[in-house]
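Given the structure is predicted, the values throughout are model-derived calculations rather than measurements. Throughout, protein chains are lettered first and strands after them, A, B, ... in sequence-line order, and every chain is numbered starting at 1.
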Number of protein chains: 2
Amino acid sequence: MSEIAVRLRDVVAASDAYRQTTARLLGLGVPETTILVHLLHDGPRTPTALARRVGVTPASVTAQLDRLELAGHVVRQANPRDRRSVLVALTPAGRALVDRIFAVFRADVARGTADTDPAILDEVARILGEVSQHLTERAHDEPGMARDLGLQTAR
Amino acid sequence: MSEIAVRLRDVVAASDAYRQTTARLLGLGVPETTILVHLLHDGPRTPTALARRVGVTPASVTAQLDRLELAGHVVRQANPRDRRSVLVALTPAGRALVDRIFAVFRADVARGTADTDPAILDEVARILGEVSQHLTERAHDEPGMARDLGLQTAR
DNA sequence: ATCTGTGGTTCGACCGTCGAGATATCAGTC
DNA sequence: GACTGATATCTCGACGGTCGAACCACAGAT
């Protein structure tokens, strides 16, 4: 029995601790670093798009962005397409910071996969992609989730 | 390029959302469910052991346990070996609850790995174990982490 | 022009976490 | 047996993070 689920639980727990340490060393909160990493990979985004990605409400993102902007890591730019909204982008300094953060993380992950056949690693990456997609879908399927957890579908 | 690191980031993000939904549906906080799952896999533990496992301070665990005990999911038992400490154990009701939680999670993970050769899955599990171990070690190695992040080892 | 929907922010309240301090106990040492 | 230093837990006060509700500006449809 492979029991991937248990290993995933461990990975998530380890990542929690890892992110916490990283954030504290940088004088940031975990949510801030999360937003920075998403901005690095997705490019400039609106606050609500970020909120959906990170899984919190837009109100929370506002507070995070205030901090990040004050620290000079991001800027809010006017959105030429829609004057209601703003685009959040990394500043050069913020970009340099999150580059370092993710580079260190990548190196640490590589340390755990160093002696593994690259072909296998491709397969691992594929599977992780599938799993994260399924988990994301399920996380947004509250009725189904409630049913499988054995809850009354009350009200 | 396999880019396991990016996939891992996605998995962690998905798991965050997943845990949030699960907890909210059950009327619990995310930290409570985390503690419950650890208790399921590790058996009865002291509050400080739980705190180390979860990555928070004992003070925080105290509050969580108060809630969980009030809800009837866990009990604090006297520790016959050490009268300073207590052992936290799942009640039958709590055990049934966390069994459901983890069973649903396992099923959702399986949904993403269904069409994969079991031999490959064993390999994936092994790699995930390695990665989580390395990440955990690093999370506790603050000096090394600070150095790699390019921080002054100030003060 | 009007209406409905959406994006962003502010405000007030609550939860979760932490650090410091207090108490009880343990494991040694004298 | 008494003393010392370390450990386990809890309490308390403070702060950060999140949420829901309300608000305004604007977009898009009619």
Side-chain angles (χ1 to χ4, degrees), chain A residues 13 16-17 19-36 38-39 44-71 73-89 139 142, chain B residues 13 16-17 19-36 38-39 44-71 73-89 139 142:
Chain A
D16 280 349
R19 290 192 290 175
Q20 219 168 325
T21 305
T22 303
R24 193 159 42 75
L25 286 174
L26 295 173
L28 297 171
V30 174
E32 279 100 320
T33 62
T34 306
I35 288 181
L36 285 178
H38 281 303
L39 278 177
R45 285 288 180 279
T46 65
T48 37
L50 278 173
R52 273 192 279 264
R53 191 77 152 94
V54 177
V56 298
T57 61
S60 302
V61 172
T62 296
Q64 305 299 339
L65 292 180
D66 288 345
R67 273 184 275 267
L68 285 172
E69 194 166 27
L70 192 65
H73 297 313
V74 305
V75 286
R76 286 188 242 231
Q77 303 168 335
N79 185 344
R81 289 299 197 172
D82 185 338
R83 281 190 303 168
R84 285 172 304 179
S85 82
V86 296
L87 283 178
V88 181
E142 300 203 5
Chain B
D16 280 349
R19 289 192 291 175
Q20 219 168 327
T21 307
T22 303
R24 194 160 41 74
L25 286 175
L26 295 173
L28 297 171
V30 174
E32 278 99 320
T33 63
T34 306
I35 288 181
L36 286 178
H38 281 304
L39 278 178
R45 283 289 179 278
T46 65
T48 36
L50 279 173
R52 272 193 281 265
R53 191 78 152 93
V54 178
V56 299
T57 61
S60 302
V61 172
T62 297
Q64 305 299 338
L65 292 180
D66 288 345
R67 273 184 274 267
L68 285 173
E69 196 165 24
L70 193 64
H73 297 314
V74 305
V75 286
R76 285 187 242 231
Q77 304 167 332
N79 184 345
R81 288 300 197 171
D82 184 340
R83 282 190 301 170
R84 287 173 302 179
S85 82
V86 296
L87 284 179
V88 181
E142 300 203 4

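Atom CG of B/Asp82 sits about 9.0 Å away from atom OG1 of B/Thr46, to the nearest 0.5 Å. In this structure, the separation between CG on B/Leu87 and CZ on B/Arg76 is 12.0 Å, given to the nearest 0.5 Å.
In DNA chain C, runs of at least 3 consecutive Watson-Crick or G-U pairs, each pair with both distances below 3.5 Å, span C:1-14 with D:17-30, C:16-30 with D:1-15.
Distance alone, capped at 3.5 Å, places no donor-acceptor pair between the B/Glu69 side chain and the B/Asp66 backbone.
The distance between atom CD of A/Gln77 and atom C1' of C/dG8, rounded to the nearest whole Å, is 16 Å. To the nearest angstrom, P of C/dT9 lies 11 Å from CG of A/Leu50. At whole-Å resolution of the value, CG in B/Leu65 and P in D/dA8 are 15 Å apart.
Smallest separation of non-hydrogen atoms from B/Pro80 and B/Ala78: CD-O, 3.3 Å.
For C/dG8, neither phosphate oxygen OP1 nor OP2 lies less than 4.0 angstrom from any side-chain nitrogen or oxygen of A/Arg76. Considering only side-chain N and O atoms, B/Thr62 lies nowhere under 4.0 angstrom from the phosphate OP1 or OP2 of D/dT11.
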Nucleotide-resolved protein contact map, nucleotides 14-30 of chain D, B/S/- at heavy-atom distance under 4.0 Å: ---SSBB----BBS---
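Tested against B/Leu68, the residues B/Val88, B/Ile35, B/Leu39, B/Val75 include a single side chain to side chain contact (heavy atoms under 4.5 Å, CB included) partner, B/Ile35.
Side-chain contact between B/Val30 and B/Asp16 is absent, with no heavy-atom pair separated by less than 4.5 Å. Looking at B/Arg24 and A/Glu142, their side chains come closer than 4.5 Å, going by heavy atoms from C-beta outward.
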Let me check something: any side-chain donor-acceptor pairs from residues 54-65 of chain A under 3.5 Å, sequence neighbours excluded? List them with distances.
from    : atom 1 : to      : atom 2 : distance (Å)
A/Thr57 : OG1    : A/Ser60 : OG     : 3.2
A/Thr62 : OG1    : A/Pro58 : O      : 3.1

